[in-house]
A.B. asks: 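Quick one: the structure is below, questions incoming.
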There are 2 protein chains.
Amino acid sequence: MLDHTDKEILKELLENSRISMKQLGEKVHLTGQAAANRVLKLEEEGVIENYTVTLNQAKIGYPVHTFINIYTKSTKHDPYLSFLDKHQAYVKNNYKISGDGCYLLECRFPDNSELDEFLTELNHYTNYKLSIVINKRNGLTT
Amino acid sequence: MLDHTDKEILKELLENSRISMKQLGEKVHLTGQAAANRVLKLEEEGVIENYTVTLNQAKIGYPVHTFINIYTKSTKHDPYLSFLDKHQAYVKNNYKISGDGCYLLECRFPDNSELDEFLTELNHYTNYKLSIVINKRNGLTT
DNA sequence: CATATTGACTTGAAATATGAAAGAGGTTGG
DNA sequence: CCAACCTCTTTCATATTTCAAGTCAATATG
């Protein structure tokens, strides 16, 4: 389904999605038009979901990065989920997981006091276990 | 530091980073050039870190999404970290966390058998607790 | 065997976007 | 008040994208 050139294209786009099709073509040994055609196909197939941007979260005012394990008290999850809806500004991801707990909630906060408020309110709906991200490293080299 | 227009720009870029500066300008009520100038400044300030693309992980052959809590046995983390280096294809993020455990490791696998292999090898370096992502939902609406 | 058919790429011309320079308008500080 | 400074706009040369043919190779069809 994906050949080697497609993978190269995806790799380049992961690193810089604003590259021109002409430049992208040069990198993967195609003309700009051929590259553009392949990219279009990848979009249509749903392989490429979205073009986006990674932001420095500290610089946009959300330095406190947390993962919160959620253990819902009741069998009904809707109160918890609508609580999340109310706090979309903080919520980055809410993963429904197997294993310990029901959800793994990834959130960002401007500071600890807002985190504290959030947790206090969260505790009306669920039990939780908090982990704060100290650092994000992908290996020895990074 | 960031005014309202900057935030609008970031919002648009999060949704579509391949938008032309001209179109972006229209969306935030500026000319293309003014928008481009602001974007350039956001890049220089480090607010914008990278332009990238979100891929359908299932369609590129990595459907099994996991979070693995890591509890290192020894005080030396380097063996674990170089183990991660060896398996970069699987590793999406390795967060150093406070709270329970030392790291929260986010990985993707093509199938359960590769996950199994990975865990077996991982167990030489650390104890772990596995969570498999069943679904990713950010609230009632999604 | 000759001939369609298909898919992926290339070419070239027109439409569109980008980037640099010059200018207009508003704000700040001496 | 005036000069300096920002930020935005306008203009125009340059670069990129898009669209319509056209080429080429591989595969299927009579």
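All values derive from a computational prediction rather than experimental measurement. Values reported hereafter were calculated over all heavy atoms of this structure, with side chains retained and with hydrogens, waters and symmetry mates removed. Letters go in sequence order (proteins before strands), and every chain restarts at 1.
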A.B. asks: Rounding to an integer number of Å, can you tell me how far B:Asn37 CG sits from D:dT10 C1'?
C.D. replies: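 So the CG-C1' distance, B:Asn37 to D:dT10, works out to 13 Å.
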A.B. asks: Using a heavy-atom cut-off of under 4.0 Å over every strand shown, decide if B:Gln23 touches base, sugar-phosphate, or nothing.
C.D. replies: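 B:Gln23: no heavy atom of the nucleic acid under 4.0 Å.
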A.B. asks: Rounded to the Å, how far apart are B:His4 NE2 and D:dT7 P?
C.D. replies: 18 Å
A.B. asks: Can we call the ring centroids of B:His77 and B:Tyr103 under 6.0 Å apart?
C.D. replies: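 So the answer is yes for these two rings.
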A.B. asks: Rounded to the nearest angstrom, tell me the gap between atom NZ in A:Lys22 and atom C1' in D:dT18.
C.D. replies: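 Distance check: A:Lys22 NZ to D:dT18 C1' gives 15 Å.
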A.B. asks: Walk me through whether B:Asp6 and B:Lys11 qualify under salt bridge (charged side-chain N to carboxylate O under 4.0 Å, His left out).
C.D. replies: CA-CA 9 Å; B:Asp6 287 328; B:Lys11 183 165 157 289; over 6 Å; no
A.B. asks: Fit a plane to each ring of A:Tyr125 and A:Phe83, take the angle between them on a 0 to 90° scale, and name the class: parallel (under 30°), tilted (30 to 60°) or perpendicular (over 60°).
C.D. replies: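 If you compare the ring of A:Tyr125 with that of A:Phe83, the planes turn out tilted.
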A.B. asks: Of the nucleotides D:dC8, C:dT18, C:dC9, which one has an atom closest to the side chain of B:Arg38?
C.D. replies: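 In terms of side-chain proximity for B:Arg38, the closest of D:dC8, C:dT18, C:dC9 is D:dC8.
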A.B. asks: Any side-chain N or O of A:Thr31 less than 4.0 Å from the OP1 or OP2 oxygen of C:dC9?
C.D. replies: no
A.B. asks: Hey, can you tell me if A:His65 and B:Tyr95 have their rings parallel, tilted or perpendicular (30° and 60° cut-offs)?
C.D. replies: perpendicular
A.B. asks: Between D:dT18 and A:Gln33, counting only base atoms on the nucleotide and side-chain atoms on the residue, is there a donor-acceptor pair under 3.5 Å?
C.D. replies: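 Per atom types, the contact qualifies.
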A.B. asks: Can you work out whether B:Ile19 or A:Thr5 has the more 5'-proximal nearest nucleotide on DNA chain C?
C.D. replies: A:Thr5
A.B. asks: Would you indicate which nucleotide in D:dT16, C:dC9, C:dA17 comes nearest to any side-chain atom of A:Ser20?
C.D. replies: D:dT16
A.B. asks: Using whole Å, report how far CG of B:Leu30 lies from P of D:dT10.
C.D. replies: 12 Å
A.B. asks: To the nearest Å, give me how far apart CE (B:Met21) and C1' (D:dA15) are.
C.D. replies: 16 Å
A.B. asks: Please confirm whether the shortest side-chain N or O distance from A:Lys41 to OP1 or OP2 of C:dG7 is below 4.0 Å.
C.D. replies: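 A:Lys41 to C:dG7 OP1/OP2: no side-chain N or O under 4.0 Å.
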A.B. asks: Would you kindly give the CG-to-C1' distance between B:Leu40 and D:dT7, to the nearest whole Å?
C.D. replies: 14 Å
A.B. asks: Any donor-acceptor pair under 3.5 Å linking the side-chain atoms of A:Ser113 with those of A:Asp111?
C.D. replies: yes
A.B. asks: Round to a whole Å and report the spacing from CD of B:Glu44 to C1' of D:dC6.
C.D. replies: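 Result: 15 Å.
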